[in-house]
There are 2 protein chains.
Amino acid sequence: MSAVVAARRGIPDASVARLPGYLQALTNLAERGISSVSSEELASAAGVSSAKLRKDLSHLGSYGVRGVGYEVDRLAYEISTALGLTQDWPVAIVGMGNLGRALAAYSGFATRGFNVIALLDHDDALVGTPVGERSIRPMGDVEALVRTDGLAIGVIATPADSAQDVADRLVKAGVRSILNFAPCVLDVPDDVMVRKVDMSTELQILAFHEQRRTGELDLVTKTEVEEVAL
Amino acid sequence: MSAVVAARRGIPDASVARLPGYLQALTNLAERGISSVSSEELASAAGVSSAKLRKDLSHLGSYGVRGVGYEVDRLAYEISTALGLTQDWPVAIVGMGNLGRALAAYSGFATRGFNVIALLDHDDALVGTPVGERSIRPMGDVEALVRTDGLAIGVIATPADSAQDVADRLVKAGVRSILNFAPCVLDVPDDVMVRKVDMSTELQILAFHEQRRTGELDLVTKTEVEEVAL
DNA sequence: CCTTGTGAAGCGATTCACAGCC
DNA sequence: GGCTGTGAATCGCTTCACAAGG
């Protein structure tokens, strides 16, 4: 019972962010016909420590068996439920440039609880252009998508300079969650959730570590000299 | 002087991850002709708190002026230096499906310190196919790219089931940093750095919050009832 | 005066280590 | 015997609040 309370009361953000990884690892195990897994094994498959995994799972409830481990199917179901993936979420992708088209073609959405219900573009010249099995629709359709299809999540794949306009439009229509691929900060009301994916940022973080690695010897020496000088 | 020591000794990971955002905000300001900025203004442009921004910048050194703020160009230069972006990093993209092609066409890399020197694919049938101004090269070229072009960063844009093979190949050739777009965990030696970008994960995190929002009223009630029952 | 730079306090996440349980 | 679930200890990041300084 207290597990249910814990389950509903704030799962820490850091845990939530790892749940999709556990789910993916469990799906892989299930496909390989494995029906039971220990925290050690699952943690290693998901690339985290077993203590972290157990702590994360403890926020969902108590679904393991001491001395044995976790039942793969059961745990996958519980994580899916916690993440709200028992339903399929309708998603619209806005911006049909290279990235938008790549996202539209990505098959991973469907298998992970999402349904791309519309491809939109701000540019009326593109409206009607076929992309895969769908065709591009105008931004004006977004209100109807929210109202009749329950659209709640929008993916912005436009250039940075139109991303804020698109976000404003989505928010005005009632979209509550946005995944932003444009390299810019979006200004939205507090009750709208935005997550950002930026490949340049990721590369720059890699560059930082790469640079530190190659410069390491020089810098250690230099630092030590300066420390002595203090 | 102590600032220089601080600058070279570990900048916290959380700070490093935000530096690209500051750099981008500074670039925007510079383009708009703004030459000086306060921590409050820059923080708001980058979507963080001013205290956090100042603390982050303090790890680089002391480049502001009390009572005034920061000089935009100077600060941008210092952050670029800290991130190791004074040089252009050669990057290879592996996997020329939809996503790989979209990444190959993305102009944001060049403007942010990266140079896509090669497009590779594991599938020999694709080798030679033109993509933009380049043409697809075989995986066998990777050793030469590392040796002669100083390739250090690889981007994996393959399906999940070939990502590990590609990673092994890159690592064997001497690539030290990998940006992984495939939805899987890569197993690499400790000295190879991997960062992962996964749109499904991001959507699932949004779904979690979206679901919590819609179920909120019911659940608060339910939780309170259960709490009383304890 | 105004804004930076920073010790100190506060907070959340990770890790430890073991009691609880099958 | 072995593995889970979890308090307690620890670590690191964020926030506060103010002294330092142009």
Side-chain angles (χ1 to χ4, degrees), chain A residues 1-7 9-19 21-22 25-26 29 34-72 74-75 78-79 82 205 230, chain B residues 1-7 9-19 21-22 25-26 29 34-72 74-76 78-79 82 205 208 230:
Chain A
M1 175 79 78
S2 78
V4 176
V5 175
R9 281 276 204 97
I11 303 172
D13 286 349
S15 285
V16 172
R18 284 186 292 266
L19 294 180
Y22 303 153
L26 287 166
L29 290 170
I34 296 165
S35 62
S36 176
V37 70
S38 70
S39 65
E40 198 69 56
E41 293 163 336
L42 180 55
S44 131
V48 302
S49 73
S50 65
K52 202 186 268 184
L53 171 73
R54 289 200 302 277
K55 184 68 101 184
D56 286 341
L57 295 184
S58 77
H59 294 119
L60 307 184
S62 187
Y63 302 119
V65 179
R66 288 167 204 244
V68 180
Y70 302 90
E71 202 212 325
V72 171
R74 173 75 195 286
L75 189 54
E78 295 297 344
I79 294 177
I205 295 169
L230 299 176
Chain B
M1 176 79 79
S2 80
V4 175
V5 174
R9 283 280 200 91
I11 303 173
D13 286 348
S15 286
V16 172
R18 284 186 293 266
L19 294 180
Y22 303 153
L26 287 166
L29 290 170
I34 295 166
S35 63
S36 175
V37 70
S38 71
S39 65
E40 198 70 56
E41 293 162 337
L42 180 55
S44 132
V48 302
S49 73
S50 64
K52 203 186 266 184
L53 171 73
R54 288 200 302 277
K55 184 67 100 183
D56 285 343
L57 295 184
S58 78
H59 293 118
L60 308 185
S62 188
Y63 301 119
V65 178
R66 290 168 203 242
V68 179
Y70 301 89
E71 200 211 326
V72 171
R74 173 75 196 285
L75 189 55
E78 296 297 344
I79 294 178
I205 294 169
F208 170 80
L230 300 177

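In what follows, every chain begins at residue 1, and chains take the letters A, B, ... in the order their sequences are listed.
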Does OP1 or OP2 of C:dT3 have a side-chain N or O of B:Ser38 closer than 4.0 Å?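 Answer is no, no contact under 4.0 Å.
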
Within the structure, does a side-chain N or O atom of B:Tyr63 lie under 4.0 Å from either OP1 or OP2 of C:dT3? no

Pairing residues for B:Lys55 by the side chain to side chain contact (heavy atoms under 4.5 Å, CB included) criterion, not counting sequence neighbours: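 Checked B:Lys55 against side chain to side chain contact (heavy atoms under 4.5 Å, CB included); matches are B:Ser58, B:His59.
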
Between [N] ([atom2]) and [X] ([atom1]): distance, integer Å:
{"X": "B:Glu41", "N": "C:dC2", "atom1": "CD", "atom2": "C1'", "answer": "12 Å"}
{"X": "B:Leu53", "N": "C:dT4", "atom1": "CG", "atom2": "P", "answer": "8 Å"}
{"X": "A:Glu78", "N": "D:dT4", "atom1": "CD", "atom2": "P", "answer": "16 Å"}
{"X": "A:His59", "N": "C:dG12", "atom1": "NE2", "atom2": "C1'", "answer": "10 Å"}
{"X": "A:Leu42", "N": "D:dC3", "atom1": "CG", "atom2": "P", "answer": "14 Å"}
{"X": "B:Arg74", "N": "C:dT4", "atom1": "CZ", "atom2": "P", "answer": "15 Å"}
{"X": "A:Leu57", "N": "D:dT6", "atom1": "CG", "atom2": "P", "answer": "11 Å"}
{"X": "A:Ile11", "N": "D:dG5", "atom1": "CD1", "atom2": "C1'", "answer": "16 Å"}

Side-chain heavy-atom pair [X], [Y] within 4.5 angstrom cut-off:
{"X": "A:Ser39", "Y": "A:Arg54", "result": "yes"}
{"X": "B:Phe208", "Y": "A:Ile11", "result": "yes"}
{"X": "B:Val65", "Y": "B:Tyr70", "result": "no"}
{"X": "B:Tyr63", "Y": "B:Leu57", "result": "no"}

side-chain hydrogen bond (donor to acceptor under 3.5 Å, both in side chains) partners of A:Arg74, counting only residues at least two apart: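 Once residues adjacent in sequence are excluded, the partners of A:Arg74 under the side-chain hydrogen bond (donor to acceptor under 3.5 Å, both in side chains) criterion are A:Glu78.
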
For nucleotides 13-22 of chain C, give me one character per nucleotide, 5' to 3': B if any protein heavy atom sits under 4.0 Å from the base, S if the only such contacts are to the sugar-phosphate, - if neither. SSB-B-BBBB

